[in-house]
Amino acid sequence: MSTASTSFIDRRTVVDWLGIAPFMIFALMFLIIPTLYLVSGAFFTPDGQFTFKNIADLFTPTIMSAYWISIKVSVASSLGGALIGFFLAWAIVLGGVPSWIRSGLLTFSGVASNFAGVPLAFSFLATLGRTGLVTVLLRDWFGFNLYSTGFNILSFFGLTITYMFFQIPLMVLILTPALDGMKKEWREASEILGASTWQYWRMVALPILWPSLMGTTLLLFANAFGAIATAYALTGSSLNIVPILLYAQIRGDVLHNANLGYALALGMIVITGISNILYILLRMRAERWQK
């Protein structure tokens, strides 16, 4: 190889590294270093002494209850989002709806999947709160008092349906490419062999889509488990979930022990990390059918 070629390759390598350098610096400063700081802080006392007490305190009834409620909210919203999102994705890809509906729904999903936090909480309060638009319309026009049924937007069920607002669009965005990857030849071959529509979906389509369905559901679980802004703005401290407990702990509103908050964060990292690793593995398996 000539000296000129070697020099060109070296310059191109430098340019490539300069291109990814901002992302690497950003990830290092705002993701990797803070995560390492939280992990290490979970094993120290406020005065710098090494301890396992913070980890042991995670198994106290209050904290375990917070984890359990967070898991239940995440499971409920991820399963609901996965189910509804699957049928929406199926309708726009395989259901024969007009193309303008597909483009409109995908555009809306791209926006709604990122619509969270205080604006989302305010929207649901303005819609389904005690004086919300839908609540008032049901009461005044149909004589139906929604809150007399036990419904409360500031409850477990209220938080779950609020989370589903961004869980459903996320499911649509991730699952649509998987459904697009379903080859027509598979359906035609099953029909030639005499398979019914139900047999095709049970024996061909669902086994192929299963890794994508499970992986995306796990991603939705992790997405809901780590959400705090929406839950805090909607319920305040009335619902004891881990992100709100962590926020209060690090601020010093509870026991003034930030290191216990680091331990809470470590527990969240472990749970969401396992979910994301399983998602990546299932995603890799699903992509084999799309090649």
Side-chain angles (χ1 to χ4, degrees), residues 31 34-82 116-117 120-121 124 150-164 166-167 214-281:
L31 179 63
T35 300
L36 293 176
Y37 179 77
L38 288 174
V39 171
S40 61
F43 296 94
F44 288 91
T45 62
D47 57 359
Q49 299 296 320
F50 184 82
T51 182
F52 286 105
K53 186 177 184 302
N54 296 322
I55 304 299
D57 288 343
L58 293 180
F59 298 94
T60 58
T62 301
I63 295 179
M64 289 298 294
S65 174
Y67 272 105
W68 179 235
I69 294 174
S70 294
I71 290 174
K72 289 195 296 183
V73 171
S74 301
V75 169
S77 64
S78 61
L79 291 178
L120 179 60
F124 269 81
F151 173 81
N152 188 352
I153 193 65
L154 307 181
S155 64
F156 168 86
F157 182 71
L159 184 61
T160 299
I161 62 173
T162 304
Y163 277 6
M164 285 175 61
F166 56 79
Q167 298 280 60
M214 286 297 298
T216 307
T217 303
L218 287 168
L219 184 63
L220 296 183
F221 172 86
N223 188 45
F225 191 82
I228 178 175
T230 302
Y232 189 79
L234 185 68
T235 65
S237 58
S238 62
L239 195 62
N240 185 36
I241 62 174
V242 176
I244 292 178
L245 186 62
L246 169 62
Y247 176 71
Q249 190 69 57
I250 292 181
R251 286 184 58 191
D253 293 346
V254 184
L255 298 175
H256 302 281
N257 183 4
N259 293 85
L260 179 57
Y262 300 154
L264 284 166
L266 176 59
M268 293 184 64
I269 291 171
V270 170
I271 293 174
T272 55
I274 293 174
S275 299
N276 282 294
I277 290 173
L278 291 175
Y279 164 73
I280 292 172
L281 294 175

Heavy-atom closest pair, residues [X] and [Y]:
{"X": "Ala66", "Y": "Leu245", "value": "CB-CD2, 3.9 Å"}
{"X": "Asn54", "Y": "Ala263", "value": "O-CB, 3.7 Å"}
{"X": "Met164", "Y": "Gly81", "value": "CE-N, 4.1 Å"}
{"X": "Gly117", "Y": "Ala229", "value": "CA-CB, 3.6 Å"}
{"X": "Thr162", "Y": "Leu120", "value": "O-CD2, 3.7 Å"}
{"X": "Thr230", "Y": "Ala121", "value": "O-CB, 3.9 Å"}

Straight-line distance of [X] [atom1] to [Y] [atom2], nearest 0.5 Å:
{"X": "Leu58", "Y": "Lys53", "atom1": "CG", "atom2": "NZ", "answer": "10.5 Å"}
{"X": "Tyr163", "Y": "Asn223", "atom1": "OH", "atom2": "CG", "answer": "9.0 Å"}
{"X": "Leu219", "Y": "Tyr279", "atom1": "CG", "atom2": "OH", "answer": "5.5 Å"}
{"X": "Leu266", "Y": "Asn259", "atom1": "CG", "atom2": "CG", "answer": "12.0 Å"}
{"X": "Ser74", "Y": "Leu218", "atom1": "OG", "atom2": "CG", "answer": "11.5 Å"}
{"X": "Asn152", "Y": "Leu159", "atom1": "CG", "atom2": "CG", "answer": "11.5 Å"}

Can you check whether Ala76's main-chain N or O pairs, donor with acceptor, with Thr160's side chain at less than 3.5 Å?
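Such a contact is absent between Thr160 side chain and Ala76 backbone.
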Tell me if the CZ atom of Phe156 is crowded by more than 12 foreign heavy atoms within 6.0 Å.
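Yes, the 6.0 Å shell around CZ holds more than 12 heavy atoms from other groups.
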Taking atom CZ of Phe151 as the centre, does the number of heavy atoms from other residues, nucleotides or ligands within less than 6.0 Å exceed 12?
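Enclosed: over 12 neighbouring heavy atoms sit under 6.0 Å from CZ of Phe151.
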Between Ile271 and Phe221, is there a side-chain heavy-atom distance shorter than 4.5 Å?
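Yes, side chains in contact.
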Do Leu260 and Ile63 have side chains that get closer than 4.5 Å, going by heavy atoms?
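Result yes, sub-4.5 Å side-chain heavy-atom pair found.
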Tell me whether the centres of the aromatic rings in Tyr262 and Phe43 are closer together than 6.0 Å.
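Between Phe43 and Tyr262, which both carry aromatic rings, the centre distance is not below 6.0 Å.
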Which class fits the ring pair Phe225 and Tyr67: parallel under 30°, tilted 30 to 60°, perpendicular over 60°?
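Phe225 vs Tyr67 ring planes: parallel.
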